[in-house]
Protein chains: 4
Amino acid sequence: MDTEHDKTTAVGRPRSQKAYEAVMKAALDLLKSGGYPSLTMEKIAKEAGVGKPTLYRWWPGVPFIVMEALKLHVNTEIGLPDSGHLKSDVREYLSRTFRSLLEGMDEIVCSLMAEAQFNPEFAAAFRDNFIFSRRAALIRLLERGQQRGELPEDADLELIADLCYGSMWYRLLNRHSTLEDPFVDNLVSYLFDSPRPKN
Amino acid sequence: MDTEHDKTTAVGRPRSQKAYEAVMKAALDLLKSGGYPSLTMEKIAKEAGVGKPTLYRWWPGVPFIVMEALKLHVNTEIGLPDSGHLKSDVREYLSRTFRSLLEGMDEIVCSLMAEAQFNPEFAAAFRDNFIFSRRAALIRLLERGQQRGELPEDADLELIADLCYGSMWYRLLNRHSTLEDPFVDNLVSYLFDSPRPKN
Amino acid sequence: MDTEHDKTTAVGRPRSQKAYEAVMKAALDLLKSGGYPSLTMEKIAKEAGVGKPTLYRWWPGVPFIVMEALKLHVNTEIGLPDSGHLKSDVREYLSRTFRSLLEGMDEIVCSLMAEAQFNPEFAAAFRDNFIFSRRAALIRLLERGQQRGELPEDADLELIADLCYGSMWYRLLNRHSTLEDPFVDNLVSYLFDSPRPKN
Amino acid sequence: MDTEHDKTTAVGRPRSQKAYEAVMKAALDLLKSGGYPSLTMEKIAKEAGVGKPTLYRWWPGVPFIVMEALKLHVNTEIGLPDSGHLKSDVREYLSRTFRSLLEGMDEIVCSLMAEAQFNPEFAAAFRDNFIFSRRAALIRLLERGQQRGELPEDADLELIADLCYGSMWYRLLNRHSTLEDPFVDNLVSYLFDSPRPKN
DNA sequence: TATTAAGCGAGACGGTACGTCTTGTCTTGGA
DNA sequence: TCCAAGACAAGACGTACCGTCTCGCTTAATA
């Protein structure tokens, strides 16, 4: 798979692969050393040995660069498990998703979610890339279970998906506990196991 | 109990109530007209007719002012319902909580959550005031239900609370649906009603 | 000699002598430790343990306080020598004047001269106290010598006085040499001794 | 020889001549309308339609800008007269120097001298540009006269130069008389003509 | 092979907000 | 009535980034 950052127009000097890689590396290095809020276009340009106009030619701002660097870093292809059992599929899928975000990337991911609150243009890109795609995949998983009869026909799948990802983000954003496997187990158990309280 | 912004030291000129109110009003006005990202200390000072040092004397930065203005605006005392039934108590409590945030305040609330990702000093204050206090109240409600036998003795109350607030925040932050009463009803139903899927 | 800073109106609480002395001491201490440019009303007030309004009640600003402190510090009464000889009187008078300014006070004196360029209100006070009074005394000395026949009847005494003080200030302000006694000797010799160059 | 404000590094965007000229013009305009003490970096930036960082990129502060504007305004090249006669050369040179400063520029010049008392960094630049260069030129004139025998071999030329410029600055700074030609005539006469008082 | 259009680095530009500092005025309660 | 303490409105300070611009230099496909 080639990195598809091209917009080349076939004539004139082609985009510099070296500059692209330097920018990605600089972004990750600076993120590690100073955290997202200290990241600026100016610092990235200097660290990468790249001119500011080059940055602005290819990215509209800091969060777009960070998102791209993050996508390179986390192997973005998760794949839908298909064991034939809803609960274990969901457990597997969530476990993979959470892990992919938590190899030291959690602060960065939170920063991008935060940035999305301030920057509508970025919000659209971020949600497409990181939020809605994963949510849609989870819903597809749930649909498969529903078709197998593992969920009632009138189950609100969107709600279930929001419960999964919502609790994850809530814990991430407020830092009040971790997202290790026991959390996933408890979550899946609570959402899919009987018995429920009888009211 | 009235919100006491004092810290006054009894000696010297007392804090100006007029300036305080002008700042709160200016913050809300500017939020309405331009949104959180356009809010700056400088604009607040100018709009309120107040010197910048006065702002910095009482607040460390923009988000602290916004949080205080928000607390004045949303009547922060929600009170724990106590009908004797877990499900209706939770429904009532969540419904009130969500409503208090959604009278046009949702963007501001999201902005504060975002700000908390960048600003650790503010994060502590914000979580104490807006996140953990509500979460703790909900857990108290769940404990009452648990003592009544409406939840299993080994139920993970923290998980349940995170499911409630997590799904709310997830929808808020990603803007993909509303938090009206039907959502609360579905949420409470799913979390507390049988039947569950049999695995 | 009493310090004549009074404006007491006989009724109400009298001016605090303690506060006055604390202000003078604080001004001199701060001058020694940080130099004139670092002096502010605020620091003087804090150092003296005095309220800012008290300062403003008695002095219009920093340079007035410094000038008053300086007058306390340099014994301002120089007295006109009267040996019967113009040259030695002038030498004696200039030597005393210069010495009184140069016991570590030269930077402060230059600062006041500088301040007078920016602050017309202070300029008037400063010139009356430090410039014109000394210049007038020197001219009186020259007049005595003129009456004794030691200077031509048409000599421009103002010019001679300006040559004396001017060269002093020029050296002070530009720091390019000192004002020790050899300078006074050379100055007086050049101004009052034959032979002159014949043109 | 044109005044070269460049320091340009040949790489990157070259310095904007337009901005430079706008700053010089703004500084002079503001000096005329409000005087030196009211001049601030902020006002110059606004008046010139220039960003503050541009100002700080090229000048360390207000007095440096003023000095540069002043140099543009007074044709700084005076040239050493050489009539073969010390007295008339000195008279000519002083007369030109004084006139160049006094076409409405005297307040500004005094302000710079004052500023030099507070700001050591500026003091060095100011003295190099305005004080010591002129003083050195005058001393060169005196040396020529001395070589011609118009001054004694042991004459203190530095003292004579300080008498000339000192009396000028003393009158300028204290505003007690003008520097018109009669002053120059009297000064030169007194310094270089016999008869002297016999002591 | 020569042309040429686009990408590149460097860095200056006009702006805006930052958080601090000082000014001179005011408003308290205590002496 | 004066004092200390200190809050207040005003506004300049010097810095950091923003996103745009103007340079002169590659670079590689095209003519």
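By convention in this document, chain letters (A, B, ...) are assigned in the order of the sequence lines, proteins followed by strands, and residues within each chain are numbered from 1.
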Participant: Above 12 or not: heavy atoms from other molecules or residues under 6.0 Å from CD of E107(A)?
Facilitator: no
Participant: Find the distance Q17(C):CD to dC2(F):P and express it as a whole number of Å.
Facilitator: 16 Å
Participant: Taking the side chain as everything from C-beta on, heavy atoms only, tell me whether E42(D) gets closer than 4.5 Å to K46(D).
Facilitator: no
Participant: When you compare the side chain of F130(A) with that of L70(A), does any pair of heavy atoms fall below 4.5 Å?
Facilitator: yes
Participant: What is the per-nucleotide protein-contact pattern of nucleotides 10-16 of chain F, from the 5' end, where B denotes a base atom under 4.0 Å from a protein heavy atom, S denotes such proximity for sugar-phosphate atoms only, and - denotes neither?
Facilitator: BBBBBBB
Participant: Does T54(B) put a side-chain nitrogen or oxygen below 4.0 Å from OP1 or OP2 of dA9(F)?
Facilitator: yes
Participant: Provide, to the nearest angstrom, the distance between the CZ atom belonging to R15(B) and the C1' atom belonging to dC26(E).
Facilitator: 17 Å
Participant: I'd like to check W59(D) versus E68(D) (side-chain heavy atoms, cut-off strictly below 4.5 Å). Are they in contact?
Facilitator: yes
Participant: Do the side-chain N or O atoms of W58(B) get closer than 4.0 angstrom to the phosphate oxygens (OP1, OP2) of dC8(F)?
Facilitator: yes
Participant: According to a strict under-4.0 Å criterion, is R57(C) in side-chain N/O contact with OP1 or OP2 of dC3(F)?
Facilitator: yes
Participant: Determine whether W58(C) and I65(C) make a side-chain contact, defined as any pair of heavy atoms from C-beta on separated by less than 4.5 Å.
Facilitator: no
Participant: Between W59(B) (CH2) and dG19(E) (P), how many Å, whole number?
Facilitator: 15 Å
Participant: Could you state the CG-P distance from L55(C) to dC26(E), rounded to the nearest angstrom?
Facilitator: 17 Å
Participant: So do N119(D) and P63(D) actually touch side chain to side chain, heavy atoms under 4.5 Å?
Facilitator: yes
Participant: Could you tell me how far apart I44(C) (CD1) and dA4(F) (C1') are, to the nearest whole angstrom?
Facilitator: 17 Å
Participant: Tell me, please, which residues at least two apart from A22(B) pass side-chain contact (heavy atoms from CB on, under 4.5 Å).
Facilitator: A48(B)
Participant: Please report, rounded to the nearest Å, how far the C1' atom of dG7(E) is from the OH atom of Y20(A).
Facilitator: 17 Å
Participant: Go through residues 108-119 of chain A and report each residue with a non-hydrogen atom lying under 4.0 Å from DNA chain E, sorted by number.
Facilitator: none
Participant: Can you tell me whether the side chain of R13(D) and the base of dC21(F) have a donor-acceptor pair closer than 3.5 Å?
Facilitator: yes
Participant: Is a side-chain N or O of K43(B) found less than 3.5 angstrom from the main chain of S38(B), in a donor-acceptor match?
Facilitator: yes
Participant: Between Y36(B) and V62(B), is there a side-chain heavy-atom distance shorter than 4.5 Å?
Facilitator: yes
